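Keep in mind the model is a prediction, meaning the values are calculated, not measured.
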2 protein chains.
Amino acid sequence: MTRPDLAQKRADLKLQIREAAIKEFAEHGLAGTSTQGIADRAGITKNKLHYHIESKEELYQQALDHVLTIWAEMFSGIDLNQGPEIFLADYIARKIRFSLTHPAEVKMFTGEVMRGAPFLREHWAGSRDVTHAAAAQIQKWVADGSIRPVDPMLLQFNIWAMTEAYAVLGPELRFMLDLDEGAALDEDAICAEVTALVVRGLRPDRETARA
Amino acid sequence: MTRPDLAQKRADLKLQIREAAIKEFAEHGLAGTSTQGIADRAGITKNKLHYHIESKEELYQQALDHVLTIWAEMFSGIDLNQGPEIFLADYIARKIRFSLTHPAEVKMFTGEVMRGAPFLREHWAGSRDVTHAAAAQIQKWVADGSIRPVDPMLLQFNIWAMTEAYAVLGPELRFMLDLDEGAALDEDAICAEVTALVVRGLRPDRETARA
DNA sequence: ACATGAACAAACCAATTGGTTTGACTATTC
DNA sequence: GAATAGTCAAACCAATTGGTTTGTTCATGT
């Protein structure tokens with residue numbers, strides 16, 4: 001009989017709690033979520049939950065941090081120094097994959113933003129830098145004629161909107177497509193559509209020859 | 001001294017309550033919103049609120065109905081029998097205008113969808129028909145070569161995603177643009193960007209001449 | 001003048017909230 | 001084998017929840 005390894009067991013429980021918390025927070029927000037609900041979802045008692053966490057707010061903060069962390073990991077190793085087409089296709093594919101594999105995480109994030117991001121603002125300083133760096137790169141592409149002139153911030157925002165919507169508005173899309181609630185969406189088809197829309201939407205007016 | 005007209009006063013109060021409710025529900029969802037919070041936001045006591053509504057759920061349902069109604073009104077008189085470019089520009093402009101002028105309404109809707117749309121599903125039967133009708137029209141445009149081949153459902157979904165995001169993710173965009181919380185976004189610029197992305201993203205590969 | 005019904009405030013209700021205390025049990029350490 | 005630290009269930013806590021009851025005020029129709 002394998003020894004469950006105490007530290008491992010505790011880590012497992014923590015993960016279990018966090019997963020349950022993310023799902024509850026995604027559905028009901030911070031205010032609407034009860035610790036009882038999280039405990040139920042995690043399959044433990046409320047007392048046990050409160051023994052392992054400090055407070056509901058703390059758990060919310062931690063869960064949010066975790067979401068941002070794994071979200072960021074999804075983009076490690078992406079290469080900005082490519083042509084816009086390859087980069088955008090890669091970026092969009094990763095964003096969509098994340099939305100489809102981690103819908104609760106994206107929903108929790110979106111809920112936070114919708115409420116004015118009271119717990120998120122501190123984390124956003126870094127994101128803003130990244131976003132502005134990306135904007136600069138986009139400007140370069142505009143300057144060298146590889147894409148048409150665009151507002152680089154709004155372009156990024158539009159891409160976020162489309163890719164994240166496959167998590168946030170998933171129920172609506174599934175309904176329109178006559179799929180049932182848990183049904184998987186066609187990742188390849190979605191990636192193809194979004195990528196095509198963006199890449200073609202950015203083509204310069206006249207295909208000026210690139211060296 | 002003008003007579004406030006009793007019926008008018010009551011209608012005013014009802015509107016006041018509904019507006020407060022929409023904002024609260026948008027921020028905290030159904031579960032997370034307290035009737036006390038709605039009352040506070042409306043500037044009345046909780047007792048007074050409960051005198052004028054039947055229950056929190058009922059108020060939620062009514063508010064949701066109202067959102068769908070005024071949203072639908074926003075699209076009255078739109079003409080599908082035009083070329084794709086004109087129609088899409090018009091459609092996108094209306095959607096974005098609604099998101100910018102009614103952010104709380106869009107947020108409330110999005111929150112509902114995010115939770116799996118438990119209160120919305122009945123209303124969606126009609127929307128699905130509209131969506132499929134629009135899909136048919138898009139297919140026609142594809143067939144006559146005025147736009148490239150696309151998945152008509154995913155195209156619509158992507159447009160919803162982008163336009164509604166200007167309400168839902170408004171706080172994020174404002175932060176990235178260094179605007180403060182209440183600041184107005186540039187509607188014309190946004191319309192131009194989104195429309196350009198979509199219209200150009202749908203151009204056929206070779207500009208086959210249209211009669 | 002008087003009855004009627006709408007509008008509302010004060011007080012109250014059971015249930016649920018996030019969270020704590022107590023005390024038992026269990027595995028590890030010395 | 002005793003002390004210790006970790007784990008957790010039962011009971012409990014004050015505060016808040018959605019909602020009701022009670023009684024009062026006030027405009028209106030007769």
Side-chain angles (χ1 to χ4, degrees), chain A residues 1-64 108 111-112 115 118-119, chain B residues 1-64 108 111-112 115 118-119:
Chain A
M1 185 165 58
T2 58
R3 178 171 52 108
D5 190 78
L6 201 66
Q8 181 60 38
K9 219 182 83 180
R10 207 167 58 176
D12 284 352
L13 181 61
K14 209 160 205 170
L15 188 125
Q16 205 177 108
I17 289 173
R18 197 177 51 208
E19 279 183 356
I22 290 175
K23 282 176 191 157
E24 286 290 305
F25 286 136
E27 268 194 26
H28 307 296
L30 172 57
T33 296
S34 71
T35 54
Q36 182 68 65
I38 297 172
D40 289 350
R41 169 105 59 166
I44 61 178
T45 63
K46 194 180 77 161
N47 325 27
K48 188 168 174 178
L49 173 67
H50 274 287
Y51 175 76
H52 287 276
I53 68 173
E54 220 169 74
S55 69
K56 189 172 75 157
E57 267 203 19
E58 242 278 317
L59 178 57
Y60 183 82
Q61 184 73 255
Q62 279 184 16
L64 203 56
M108 185 182 170
E112 242 292 296
R115 267 166 253 130
F119 290 81
Chain B
M1 186 163 60
T2 59
R3 181 172 51 107
D5 191 78
L6 201 66
Q8 182 61 39
K9 220 183 79 177
R10 206 166 60 177
D12 284 351
L13 181 62
K14 208 160 206 171
L15 189 124
Q16 205 177 109
I17 290 174
R18 196 177 52 207
E19 280 183 355
I22 289 175
K23 281 175 193 159
E24 287 290 304
F25 286 136
E27 268 194 26
H28 307 296
L30 172 57
T33 295
S34 70
T35 54
Q36 182 67 66
I38 298 172
D40 288 350
R41 170 104 61 166
I44 61 179
T45 63
K46 195 180 78 162
N47 325 23
K48 189 169 174 179
L49 174 67
H50 274 286
Y51 175 76
H52 287 274
I53 68 172
E54 220 170 75
S55 70
K56 189 173 76 158
E57 267 203 18
E58 242 279 318
L59 179 57
Y60 184 83
Q61 184 74 255
Q62 279 183 16
L64 203 56
M108 184 181 171
E112 241 293 295
R115 268 167 253 130
F119 290 80

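Checked by distance alone, K46(B) brings a side-chain donor or acceptor within 3.5 Å of a matching partner on the base of dG19(D).
The nearest pair of heavy atoms linking M108(A) to L64(A) is CE-N, 3.8 Å.
For T45(B), taking side-chain heavy atoms from C-beta onward, the closest of the listed nucleotides dT17(D), dG19(C), dA9(C) is dA9(C). Here the nucleotide nearest the side chain of T35(B), chosen from dA9(D), dG18(C), dG18(D), is dG18(D). For K56(A), counting side-chain heavy atoms from C-beta on, the closest listed nucleotide (dG18(C), dG19(D), dC8(C)) is dG18(C). When distances run from any side-chain atom of Q36(B) to the nucleotides dG18(C), dT17(D), dC8(D), the shortest one goes to dT17(D).
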Notebook entry, point to check: Yes or no on side chain to side chain contact (heavy atoms under 4.5 Å, CB included) for T33(B) and Y60(B), after CA distance, side-chain angles and deciding distance?
Noted result: CA-CA 10 Å; T33(B) 295; Y60(B) 184 83; over 6 Å; no
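For the atom pair I38(B) CD1 and E19(B) CD, the distance stands at 13.5 Å (nearest 0.5 Å).
Contact check, H50(A) against dT21(C): no side-chain N or O comes under 4.0 Å of OP1 or OP2. Residue Y51(A) places none of its side-chain N or O atoms closer than 4.0 Å to OP1 or OP2 of dC8(D).
Using modelled atom types and a 3.5 Å distance limit, the side chains of D40(A) and Q36(A) yield a donor-acceptor pair.
One can place NE2 of H52(B) at 7 Å from C1' of dC8(C), the figure rounded to the nearest angstrom. I53(A) places its CD1 atom 15 Å from the P atom of dT7(D), with the value rounded to the nearest Å.
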